[in-house]
Amino acid sequence: MVVVMAPGATDEDVANVVARVEAMGGEAFVSKGLSRTIIGLVGDVAAFHHLNLRTLRGVADVHRISDPYKLVSRQHHAERSTVRIGPAGRQVPIGPETCTLIAGPCAVESREQMLEAAQMSRSAGAGLLRGGAFMPRTSPYAFQGLGLKGLEILADVGEATGMPVVTEVVDARDVGVVAEYADLLQVGARNMGNTGLLQAVGEAGRPVLLKRGPSATLEEWLMAAEYVAQRGNLDIVLCERGIRTFETSYRNTLDLSAVPAVQATSHLPVVVDPSHAAGRQDLVVPLARASIAVGADGVMVDVHPFPDQALCDGPQALDGTALRELATAVRRLPPALGRRTGAPDRSPA
Ligand code: PEP
Ligand code: MN
């Protein structure tokens, strides 16, 4: 941490800062320039915060040098992490080596719909199956998901098609039951700042997919991840899903800069959900291609056998034709960029 003194600060002001820092057990190194004095602080940065240094007489500014997040930062963990999803022996990696496809319907609607969507996803090269059972809908009148029944269907279909499953948990009280069925617990955009839920998934013993809040800065997103990590769970995958801007032509604005920017500061893998970013099927494949090109560690898309009949987010769901286009990108682009494709070469289940 660095304290910048105002041009008119007196020696007494400087001595006051030094005395307070030393009283907290820290060290203060004073550097006098021609017009300004700066003071470098070494020690417990969290403790220095309690000093409210900015309010002291003669202090112009205070800068942090280290990241406010610790466990998810690359400052203390330079190597980028791979998170492995699913039971031992059939784990699907998400990390720097591969680009993994996660696909499935927005919501689990029925066993037939789920099975069909899963088979489509699997033949497109998906490693993981998605499907919402507890749905965080904007409207309380919209389909809220099948709940426990949805979890059962999702887990059965994942088992039958050989894909670990990811589903959202919206309430801290449901974390236990969702963790019984899901291999990867999703915390949705609307809940990114729900610290009680973040702590609960941090203790659930399952990897976590943490979506970025629609108006969260990268630092706020990483601080949310720190809540999960601080409860002992470092198996966290971050998911960029678009942020709210002035543009209304699509649901959200996909912030692709976030992918390399977060990868530079955090060791956690970063995947992209172009479906919830765009809210429009025609943009999903182009944005998925761009996500792979920018270095995303995975792509998550909505798939539905009959998008026009979907109970949730039909307009953004890929049908068979669009999914085949995506499959081609997922097969070809990662190798062209020196990465292994996350799409295993499999025939339809
Ligand atoms: C979802 O993935 O089903 C979802 C609701 O996404 P988001 O939280 O990004 O809106
Ligand atoms: Mn959705």
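Keep in mind the model is a prediction, meaning the values are calculated, not measured. First listed ligand is number 1; within each ligand, the first listed atom is number 1. Counting from 1, the numbers follow the sequence of the chain as shown.
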[Y] versus [X], side-chain donor and acceptor atoms under 3.5 Å:
{"X": "D13", "Y": "T10", "result": "yes"}
{"X": "Q263", "Y": "R74", "result": "no"}
{"X": "N252", "Y": "E247", "result": "no"}
{"X": "H304", "Y": "E109", "result": "yes"}

> At a non-hydrogen distance cut-off of under 4.0 Å, which region of C239 contacts ligand 1 (side chain, backbone, both, or neither)?
Replying inline: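 For C239, no heavy atom sits under 4.0 Å from ligand 1.
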
> Among P136, P105, G188, which residue places a heavy atom closest to atom 5 (C) of ligand 1?
Replying inline: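 Considering heavy atoms of P136, P105, G188, the nearest to atom 5 (C) of ligand 1 sits in P136.
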
> Between the candidates H276, M300, R241, which shows the shortest non-hydrogen contact distance to atom 1 (C) of ligand 1?
Replying inline: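 Looking at heavy atoms only, the winner is H276.
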
>> Below the 2.8 Å mark, what number of protein N, O or S atoms do you get around the Mn ion (ligand 2)?
In response: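 Excluding waters, the total comes to 3.
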
>> Any nitrogen or oxygen of E168, side chain or backbone, less than 3.5 Å from one on ligand 1?
In response: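 The answer is no, given that E168 and ligand 1 share no N or O pair closer than 3.5 Å.
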
> Is the shortest N/O to N/O distance between A189 and ligand 1 below 3.5 Å?
Replying inline: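 N/O-N/O distance below 3.5 Å exists for this pair.
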
Has [X] got any heavy atom lying under 4.0 angstrom from an atom of ligand 1?
{"X": "R130", "answer": "yes"}
{"X": "M135", "answer": "no"}
{"X": "G132", "answer": "no"}

> Is R80 paired with D297 through a side-chain N to carboxylate O contact shorter than 4.0 Å?
Replying inline: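 Looking at D297 and R80, the cut-off is met.
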
> Salt bridge check: are K32 and D11 linked by an N-O gap of less than 4.0 Å?
Replying inline: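 A salt bridge is present here (some side-chain N lies under 4.0 Å from a carboxylate O).
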
> Between atom CZ of R190 and atom NZ of K211, what is the distance when rounded to the nearest 0.5 Å?
Replying inline: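 So the gap between those two atoms works out to 8.5 Å.
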
> Given side chains that start at C-beta, do those of V262 and L222 come closer than 4.5 Å, heavy atoms only?
Replying inline: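 SC-SC contact between V262 and L222 confirmed.
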
> Taking only residues two or more places apart in sequence, or in another chain, which ones meet H49 in a ring-ring contact (aromatic ring centres under 6.0 Å, His included)?
Replying inline: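 Result, ring-ring contact (aromatic ring centres under 6.0 Å, His included) vs H49: none returned.
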
